Every structure is written in structure tokens, then in C-alpha cells.
Student: 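Once you've had a glance at the structure underneath, I'll fire off some questions.
Worth knowing before you read on, the calculation uses all heavy atoms, side chains too, and leaves out hydrogens, waters and symmetry mates. Along the sequence shown, the residues carry numbers beginning at 1. Note that this is a predicted model, so its numbers are computed, not measured.
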Amino acid sequence: MDVQNASSSSNNQCQDVTSLRFKEALAQLDQIVSSLESNTLELEESLREYKRGVELLTYLREKLDGAQQEVDMLMGKLDVRGDDTTTDTSLS
């Protein structure tokens with residue numbers, strides 16, 4: 001890892017994940033995965049990167065779960081059909 005990437009990585013480590021936008025967090029996670037896969041980091045640096053990756057992954061999953069819940073709620077509002085337990089007896 002060159003000096004510029006090491007510096008950029010250190011800055012990313014300090015930033016709270018909850019202050020990141022989804023795409024920013026995803027880009028950081030992608031950078032960490034590439035860095036770890038390169039097998040050029042020292043053990044201590046690899047552990048720091050791995051820990052940050054877990055934090056980012058947890059945050060991204062929470063954001064996706066929240067978005068899924070919102071979509072499900074909105075889809076429920078669009079579904080104007082009655083539920084299966086209601087029987088229309090007006091035609092009987």
C-alpha cells in the first residue's frame with residue numbers, strides 16, 4: 001500500500017460510519033476488501049482494516065434493511081385489496 005492510500009485509509013478509519021452516505025460506505029468497504037486481498041498489509045494493519053470492514057458491513061446491512069422495510073410499507077399502502085380473512089357477504 002503506498003503512502004497516499006495508507007493516509008486515506010487512516011482517515012477513513014477515524015470517520016464514524018453513521019456519518020457516511022451508502023455509496024461512500026460501500027466504496028470504503030470495497031477499498032478494504034481490495035487492500036486485504038492484496039496481501040501486502042502488516043498483520044496489525046490487516047486487523048484494523050478488517051475491523052473497519054465489519055463496521056461498514058454492519059452499517060450497510062442496517063441501511064438496506066431499513067430501505068427494505070420502507071419499500072414493504074409503501075407497497076402495503078399500494079395494496080388496496082382486502083385481506084384474505086374478510087368475506088364480502090353483500091352478494092349473498
Student: How far apart are the C-alpha atoms of M73 and Q69, what are their side-chain angles, what is the distance that settles it, and do they pass the side chain to side chain contact (heavy atoms under 4.5 Å, CB included) test?
Tutor: CA-CA 6 Å; M73 182 186 70; Q69 287 176 358; over 6 Å; no

Student: Starting at OH of Y59, measure out to CG of D16 and round the result to the nearest 0.5 Å.
Tutor: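 With rounding to 0.5 Å, OH (Y59) is 9.0 Å from CG (D16).
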
Student: If I take atom CD from residue E55 and atom CG from residue L29, how far apart are they, to the nearest 0.5 angstrom?
Tutor: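 Spacing of CD (E55) from CG (L29) equals 11.5 Å.
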
Student: How many angstroms lie between CG in L56 and CD in Q15, if you round to the nearest 0.5 Å?
Tutor: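 L56 CG to Q15 CD: 9.5 Å, rounded to 0.5 Å.
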
Student: Can you tell me if N39 has over 12 outside heavy atoms packed within less than 6.0 Å of its CG?
Tutor: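 No, because the 6.0 Å sphere around CG of N39 holds 12 heavy atoms or fewer from other groups.
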
Student: How far apart are the C-alpha atoms of Q28 and V17, what are their side-chain angles, what is the distance that settles it, and do they pass the side chain to side chain contact (heavy atoms under 4.5 Å, CB included) test?
Tutor: CA-CA 10 Å; Q28 277 189 30; V17 293; 5.8 Å; no

Student: Would Q68 and D72 count as a side chain to side chain donor-acceptor pair (under 3.5 Å) here? Give the steps.
Tutor: CA-CA 6 Å; Q68 183 64 52; D72 290 345; 2.8 Å; yes

Student: So how far is it from T18 OG1 to E62 CD, rounded to the nearest 0.5 Å?
Tutor: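 Here the interatomic distance stands at 9.5 Å.
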
Student: Less than 4.5 Å apart, side chain to side chain, heavy atoms only: is that true for Y50 and I32?
Tutor: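 Counting from C-beta outward, Y50 and I32 never come under 4.5 Å.
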
Student: I'd like to know if L41 and L47 are part of one continuous hydrophobic network [Ile/Leu/Val/Met/Phe/Trp/Tyr, side-chain heavy atoms within less than 4.5 Å].
Tutor: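 No: no chain of side-chain contacts under 4.5 Å links L47 to L41.
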
Student: Please check if atom CE in M75 has more than 12 non-hydrogen atoms from other residues, nucleotides or ligands closer than 6.0 Å.
Tutor: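 Not buried by this count: 12 neighbours or fewer within 6.0 Å.
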
Student: Atom OG of S34 and atom CD of E49: how far apart are they, to the nearest 0.5 Å?
Tutor: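 Between S34 OG and E49 CD, I get 11.0 Å after rounding to 0.5 Å.
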
Student: Measure the CG-CD distance between L20 and E24 for me, rounded to the nearest 0.5 Å.
Tutor: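 Interatomic distance, L20 CG to E24 CD, rounded to 0.5 Å: 5.5 Å.
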
Student: Determine yes or no for a side-chain-to-main-chain donor-acceptor pair under 3.5 angstrom, with S35 supplying the side chain and Q31 the backbone.
Tutor: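 No; judged by distance alone, with no hydrogens or angles, the pair does not exist.
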
